[in-house]
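Just below is one structure, and these are the notes that go with it.
Counting begins at 1 with the first residue of the sequence. Heavy-atom basis, side chains included; hydrogens, waters and symmetry copies ignored.
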Amino acid sequence: FFFQAEDGIRDSSVTGVQTCALPISEPEIEPAARSTGVRHAFSARGVAALSFASLRAVMVLAAIVTVVRLAGAGGWIAIPVVVVLTFLVTRVFGEITSRWPLEGSVHAWSRQLFGPRTGLLVAWTYLVSYLLYMAAMSFFDAQRVFFVLGLDAPAHLVASVTTLVLVAISTVLNLLRRDIFRLFIVLSALSSLIACVVFGTILLVGHQQRSIGDLLVNADGAPVDLAWLTGPFLLAILWIAHFLMKGFEFPTIVAEEVRDARRTVPRVMTWTLLVAGAAWLYAALALLLSAPAADSLANATSQNTYAAATGAAIEVSLGHEAAWVSAVLMIISTFTAVTIFQLVASRTIWTLARDRQVPFERVLVAVAGDDRVPRNAVIVTGIAASILPFLITSQTSYVLVGASMAPLMLAFLVPIVGRIRAGQRGTWRAGPWTLGRLGIPVAVAAGLAVTLVGLIALMPHTSLYGTDPIPYLAVVGLTVPFDLMPLIVLVLTLASGGLLVRWAFRDGGFHTRNSWAVERDLHVRRTLRHAGTCVTCGAPLAAGTEVSFDPESKRIFCFACEFLD
């Protein structure tokens, strides 16, 4: 290609470019679709709200009841433990993001560190994890809706249909204008934080009945011991981790949509985790210190393990009205989180379609509206999450939650291992935010943390998943209990991911986008000051058009050609 460009770039704009494009040497390689890229739409505050809303601080009011049921009052210790484990991961992810602020995060990083095949497999496990989690949280929310309305717990079919409706509403919200979506997230994040502070303060000031020492007991009321640490406490870690280890990484997922992502994302990820962890610990201790007895919280869930926890935590100490208010806030918080999970899952599908590594990529890569939302990818994630609750009839949400943890921890582990390997080989090149000499030691600690949580998720936990046999296997004469479902889901995820990798690279990857060319993803978004021409396709570009600009070569691309090999 031959081109001329003026070097003057003022006020985030570039001048026009005159081109004389030669024929492409391999004309059969075309853009996945005549589409546009995602827009820089998140500020530091916006992406912080995204992360905090997904961590759902207000959910501690219900989650601590499940923790008490599983591990006794001493289960609150799992909160600071999980915060520390997650903090290690944020350090590593922040450093990798500072080098590669790419849409899709763990998928894109694994692609750069290990190659496109590994990147695709990681993307698949990550996608499956959040689809399962979307379904689980929506199913829980369906139960809370009936609780708020004063109705009896719904039958499984009714709850599943209600889940479908909630996911449909979430899908519509994801398709609305970005400013409406951001406002909804900010309001949800603020209400969640305020609820934790208000309820926690009321409980501590007017209802405290015991000391911290009274809470260091197991489910039987005996002091915690080594057997508790290696048994029930692991369940408490798993349950808390499914809140605090899912969502903290969301700023990295939308890195291409964040202004100055190399510096903003690492800071935001760390502070939102610490604030959310502090809110969780404050509200959990306030609740346990004020409850007449820890077992009163656990016993309140005996009739309905789903919805009873929603109000029991507050109702025991503050009465039904306060419990009703807290349940409404939990519904809003969980629904917001589901909406964010759908955004993340859709962005994962979009990045795979952009790399032409999934079927129907021309449809899935298309974006719509001024905000350039990947509409078709959003709809696909909504359909998939709506179907899942219908497939499991026993302990539905608990099984889906447990099954979603191991694939996610595996997806986290791969780029962490890649960071360690790159550091040992001397090929790591740090971005503006770096851990320096602590990079490899912190990455090793983070790798051990996610491995621990992943192994805990794969353990058979009868008290969490129940003992009912999996009905689909019972049909063929196999009696397999639900507590093995997480392991089965992980195996199926890896097997199906392997088939997808084989399909995507059936011709050696010739038809896929050059996944190693990361600089294409890191082109700068700019607005043309004067009319110009795309350096690849020769399409005329009017003044004011947003384009992709390569600061090194001074070339501009329309968004369709930005993704052309």
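- The cationic group of Arg506 lies under 6.0 Å from the six-membered ring centre of Trp503 and within 45° of the ring axis, placing it in a cation-pi geometry.
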Check against side chain to side chain contact (heavy atoms under 4.5 Å, CB included), Leu452 and Ile456: CA-CA 6 Å; Leu452 172 65; Ile456 294 174; 4.0 Å; yes
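- The number of heavy-atom neighbours closer than 6.0 Å to CH2 of Trp433, taken from other residues, nucleotides and ligands shown, is above 12.
- In this structure a side-chain-to-backbone donor-acceptor pair under 3.5 Å is present from Trp109 to Trp100.
- Residues that satisfy the ring pair (Phe, Tyr, Trp, His ring centres under 6.0 Å) test with Trp76, not counting sequence neighbours, are absent from this structure.
- Between the side chain of Ser191 and the backbone N or O of Ser188 there is at least one donor-acceptor pair closer than 3.5 Å.
- Side-chain atoms of Glu249 come within 3.5 Å of backbone atoms of Gly247 as a donor-acceptor pair (strictly under, hydrogens ignored).
- The CD1 atom of Ile420 sits 7.5 Å away from the CD1 atom of Ile416 when rounded to the nearest 0.5 Å.
- The residue from Ser98, Pro432, Pro101 that alone fulfils the side-chain contact (heavy atoms from CB on, under 4.5 Å) condition with Arg263 is Pro432.
- Shown here are the side chain to side chain contact (heavy atoms under 4.5 Å, CB included) partners of Leu273, two or more places apart in sequence or in another chain: Thr86, Phe87, Thr90.
- At distances below 3.5 Å, at least one donor-acceptor pair connects side-chain atoms of Arg262 with backbone N or O atoms of Arg99.
- Under the rule for a side chain to side chain contact (heavy atoms under 4.5 Å, CB included), the partners of Ala430 that lie at least two apart in sequence or sit in another chain are Trp428, Thr434.
- The OG atom of Ser333 sits 11.0 Å away from the CG atom of Leu193 when rounded to the nearest 0.5 Å.
- Side-chain contact check for Leu500 versus Pro359: some heavy-atom pair is nearer than 4.5 Å.
- Residues Met269 and Phe250 form no side-chain contact, since every pair of their non-hydrogen atoms from C-beta on lies 4.5 Å or further apart.
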Chi angles and distances behind the side chain to side chain contact (heavy atoms under 4.5 Å, CB included) call for Gln112, Ile96: CA-CA 11 Å; Gln112 298 305 131; Ile96 301 178; over 6 Å; no
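- Looking only at distances, a side-chain donor or acceptor of Thr171 sits under 3.5 Å from a matching main-chain atom of Val167.
- Other residues, nucleotides and ligands place no more than 12 heavy atoms under 6.0 Å from the CZ atom of Arg375.
- One finds the OG1 atom of Thr351 at 9.0 Å from the CG atom of Leu127 (value rounded to the nearest 0.5 Å).
- Considering every non-hydrogen atom in both Leu121 and Val501, the closest pair reads N-CG2, 4.1 Å.
- When all heavy atoms are compared, the tightest approach of Ala457 to Ala406 is CB-N, 4.1 Å.
- Annotation for Trp124: atom CH2 does not count as buried by contact number, only 12 or fewer foreign heavy atoms lying within 6.0 Å.
- A distance-only check finds a donor-acceptor pair linking the side chain of Ser192 to the backbone of Val58 [under 3.5 Å].
- The two atoms that bring Glu361 and Ala353 nearest to each other are CB-O, 3.6 Å, heavy atoms only.
- Every residue was checked against the salt bridge (Lys or Arg N to Asp or Glu O under 4.0 Å) condition with Arg91, not counting sequence neighbours, and none meets it.
- In terms of modelled atom types and a separation under 3.5 Å, the side chain of Arg421 and the main chain of Leu113 share a donor-acceptor contact.
- Ala48 and Thr272 make their closest contact through O-CG2, 3.5 Å (heavy atoms, listed as atom of the first residue, atom of the second, distance).
- Side-chain contact between Leu352 and Leu120 is present, with at least one heavy-atom pair separated by less than 4.5 Å.
- Summarising the geometry of Gly277 relative to Val83, their closest heavy-atom pair is CA-CG2, 3.8 Å, with the distance given to 0.1 Å.
- In this structure Tyr126 satisfies the ring pair (Phe, Tyr, Trp, His ring centres under 6.0 Å) test together with Tyr130, sequence neighbours excluded.
- Contact between Ala57 and Trp280 at its shortest, heavy atoms only, is CA-NE1, 3.4 Å.
- Put simply, the side chain of Ser129 never gets that close to the backbone of Thr125: no donor and acceptor are under 3.5 Å apart.
- By the salt bridge (Lys or Arg N to Asp or Glu O under 4.0 Å) test, Glu95 is found to be paired with Arg419, residues two or more places apart in sequence or in another chain being considered.
- Using a 4.5 Å heavy-atom cutoff, the side chains of Phe93 and Val106 are in contact.
- Taken from OG1 in Thr381 to CZ in Phe341, the straight-line distance is 13.0 Å, to the nearest 0.5 Å.
- Two residues are said to be in side-chain contact when any heavy atoms from C-beta on lie closer than 4.5 Å; Tyr133 and Leu400 fail this criterion.
- In this structure, the side chains of Met459 and Leu238 stay at 4.5 Å or more apart for every pair of heavy atoms.
- Note that the CD1 atom of Ile488 and the OG1 atom of Thr493 stand 11.5 Å from one another [nearest 0.5 Å].
- Two residues are said to be in side-chain contact when any heavy atoms from C-beta on lie closer than 4.5 Å; Met137 and His242 meet this criterion.
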Side chain to side chain contact (heavy atoms under 4.5 Å, CB included) evaluation trace for Phe335 with Ser170: CA-CA 7 Å; Phe335 177 76; Ser170 170; 4.0 Å; yes
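- With rounding to the nearest 0.5 Å, the separation of CD1 in Ile79 from CG in Leu244 is 7.5 Å.
- Residues Pro374 and Arg347 form a side-chain contact, since some pair of their non-hydrogen atoms from C-beta on lies under 4.5 Å apart.
- Remark: of the listed residues Phe243, Phe412, Phe52, Phe412 is the sole one forming a ring pair (Phe, Tyr, Trp, His ring centres under 6.0 Å) with Phe248.
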